[in-house]
Amino acid sequence: MDINDRNATDKDGDKPKIAFIGLGNMGAPMAENLLKAGYTLSAYDLSQAATERLQQAGASVASSPIEAARNAQVVISMLPAGKHVHSVYLGENGSNGLLTALPKGTLVIDSSTIAAADAMKVAAAASQLGIDFLDAPVSGGTGGAIAGSLTFIVGGSDEAFAKAQPILAVMGKNIFHAGDQGAGQVAKICNNMLLGILMAGTAEAINLGVKNGLDPKVLSDIMLQSSGRNWTLEVYNPYPQVMENVPSSNGYQGGFMSKLMQKDLNLAMQTAQDTNVETPMGAKAAELYEAHTVENGDKDFSSIMGRHDHSVLF
Ligand code: NAD
């Protein structure tokens, strides 16, 4: 294979070699699923404990992103925030990052949830170097990462999307092509902004009913069959003991942490500001979660119920 013209799908039909960067709560199980599917993986994380876990699962461990990507046709990253993605790909001074070390034709898939503007900056730098970049944030949480049933929301060219599809299919069940570069991040934060609004609104409605003498389960059943019906009432009721096997019936443990919802709402607000779009409901949800996470950041995001009825948190 010509090193300057790499393809994500090896010309012999072999699986491409993958470098995986960022092996936290999401990245580690995603990388493990790739190993189980027979991909050769080189893994890198700042944390030694994280890389050791992957080594035991069969990955080779690298001491830098550049070393991980040596001989790799595909790079996948799953990092906390935009600054980490910039630091890995663009480097500390914008010119000494991983991108400059990758051969043309390498496929880069960033699955971190970051601002669309941050993703576009990396995408533009990649394009100049002849590297295919996809923003591919996920929905589905750690449960989805472990089960290989994540939803990928992808932004980038048709060609890059087609190359990535068989790899993403190992880690996810639903794979959407949202549009050009940046579109994956925009679509994801639109969805999560709506989810934050729905959860805060549902908690508010249930609280109004309960404070006026209604049983939360009876009220939830009524709204579920009426025009207030929404996903939170269907599968994720925020009031304790209305539903089994949801975080609200388990002390708000597990699920999707409030601090991650707050992060996504802040990304939505940043995007709205960058592009001059009004989002008054999103702004209110962001404000509510900002206050809520001061003490409840690690609890599931349905714990916003406790803003109205503090007793549910204990
Ligand atoms: P995490 O904090 O558990 O893992 C991040 C990992 O990245 C850590 O192991 C950290 O050591 C590593 N890291 C940080 N900077 C690095 C660098 N410069 N080089 C290499 N490694 C570095 O986070 P997570 O829960 O796995 O989330 C990752 C991304 O996925 C975030 O953007 C998050 O918003 C998104 N996400 C998370 C969930 C969830 O439920 N946890 C759901 C959907 C999306």
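Both ligands and their constituent atoms are indexed starting at 1 by order of listing. Positions are given from 1 along the sequence.
- Across the listed options M26, K188, K259, M26 owns the non-hydrogen atom lying nearest to atom 38 (C) of ligand 1.
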Go through the steps for F301 and Y236 under the test ring pair (Phe, Tyr, Trp, His ring centres under 6.0 Å), then give the verdict.
-> CA-CA 10 Å; F301 79 116; Y236 218 93; 5.5 Å; yes

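- Of the protein's non-hydrogen atoms, the one nearest atom 28 (C) of ligand 1 is L79 O, 3.8 Å.
- Between the H84 side chain and the A81 main chain, a donor and an acceptor come within less than 3.5 Å of each other.
- A salt bridge links E32 with R53: the closest approach of a Lys/Arg side-chain nitrogen to an acidic carboxylate oxygen falls below 4.0 angstrom.
- Checking side-chain atoms of K263 against main-chain N and O of T113 turns up a donor-acceptor pair under 3.5 Å.
- Every N/O-N/O distance between H84 and ligand 1 stays at or above 3.5 Å.
- Here atom 10 (C) of ligand 1 lies nearest to D45 when heavy atoms of L23, L46, D45 are compared.
- Taking any N or O of T113, backbone or side chain, at least one lies under 3.5 Å from an N or O belonging to ligand 1.
- Residue P80 has at least one N or O atom closer than 3.5 Å to an N or O atom of ligand 1.
- With hydrogens and angles disregarded, a donor-acceptor distance shorter than 3.5 Å links the side chain of T293 to the backbone of Y289.
- Looking only at distances, no side-chain donor or acceptor of N237 sits under 3.5 Å from a matching main-chain atom of L233.
- Backbone and side-chain nitrogen or oxygen atoms of V88 are examined, and none is located within less than 3.5 angstrom of a nitrogen or oxygen of ligand 1.
- Polar contact with ligand 1: present for N25 (N/O pair, distance under 3.5 Å).
- Of the protein's heavy atoms, none falls inside 4.0 Å of atom 23 (O) of ligand 1.
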